Amino acid sequence: MNTKFKLAVVSTALMLAAGSANAGCAKGAVAGGVVGHVAGKHGIAGAAIGCAIGHHSAKKKEKQQQQQAAAAAAAQNNAAQANNAGKTRK
C-alpha cells in the first residue's frame with residue numbers, strides 16, 4: 001500500500017469515529033474521492049472538497065429541520081391560545 005492510500009484510510013476512520021460532529025463529511029468524502037480519482041487522479045483533493053460540501057449540506061438540512069420544528073410548535077401554541085380564548089369563565 002502506498003502512503004496516500006494509508007493516509008486516506010486512517011483519515012476516513014477518524015472521520016467516522018468523530019460521529020455527528022462531521023455530519024455529511026464521510027458521504028461527501030467518498031463521493032468526492034471517486035469523482036476526483038476519475039477526473040484525473042485527484043482523489044485526495046476530491047475527498048477533501050467532498051467532505052466540506054457534505055458537511056455544509058448536512059448543517060443546512062439540520063438548520064431547516066430545526067426551523068420547521070419551531071414553526072410547527074409556534075403554530076400549535078397559537079392554536080391552543082385561540083381555543084383557550086374562546087372559552088368563558090364561570
Side-chain angles (χ1 to χ4, degrees):
M1 282 195 253
N2 64 14
T3 306
K4 286 183 181 180
F5 182 74
K6 289 179 185 177
L7 180 62
V9 170
V10 170
S11 63
T12 302
L14 289 173
M15 285 186 303
L16 294 175
S20 65
N22 293 321
C25 183
K27 186 186 287 185
V30 169
V34 170
V35 170
H37 176 73
V38 171
K41 307 287 183 193
H42 299 291
I44 302 295
I49 293 169
C51 176
I53 292 171
H55 182 69
H56 176 72
S57 297
K59 284 296 209 180
K60 187 188 293 187
K61 184 177 180 180
E62 180 182 333
K63 187 175 180 179
Q64 287 175 345
Q65 288 175 343
Q66 288 176 349
Q67 288 174 347
Q68 289 174 352
Q76 186 177 13
N77 189 22
N78 289 340
Q81 287 178 351
N83 285 339
N84 288 338
K87 295 180 181 178
T88 58
R89 293 185 187 176
K90 290 186 178 183

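Keep in mind the model is a prediction, meaning the values are calculated, not measured. As a basis for the values below, the full set of heavy atoms in this structure was taken, side chains included, without hydrogen atoms, waters or symmetry mates.
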> Got a second to check how far Lys59's NZ is from His56's NE2, nearest 0.5 Å?
Replying inline: 11.5 Å
> Which value, rounded to the nearest 0.5 Å, describes the distance between Gln64 atom CD and Gln66 atom CD?
Replying inline: 11.0 Å
> Of all residues at least two apart in sequence or in a different chain, which pass the side-chain contact (heavy atoms from CB on, under 4.5 Å) check with Lys27?
Replying inline: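 Lys27 satisfies side-chain contact (heavy atoms from CB on, under 4.5 Å) with no residue once adjacent residues are dropped.
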> Apart from Ile49 itself, which Ile, Leu, Val, Met, Phe, Trp or Tyr residues share its cluster (side-chain heavy atoms under 4.5 Å, direct or through members)?
Replying inline: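 Grouped by the 4.5 Å side-chain rule, Ile53 form the rest of the cluster around Ile49.
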>> If you count every heavy atom of other residues, nucleotides or ligands that lies below 6.0 Å from Gln67 atom CD, does the total exceed 12?
In response: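 Buried by this count: over 12 neighbours within 6.0 Å.
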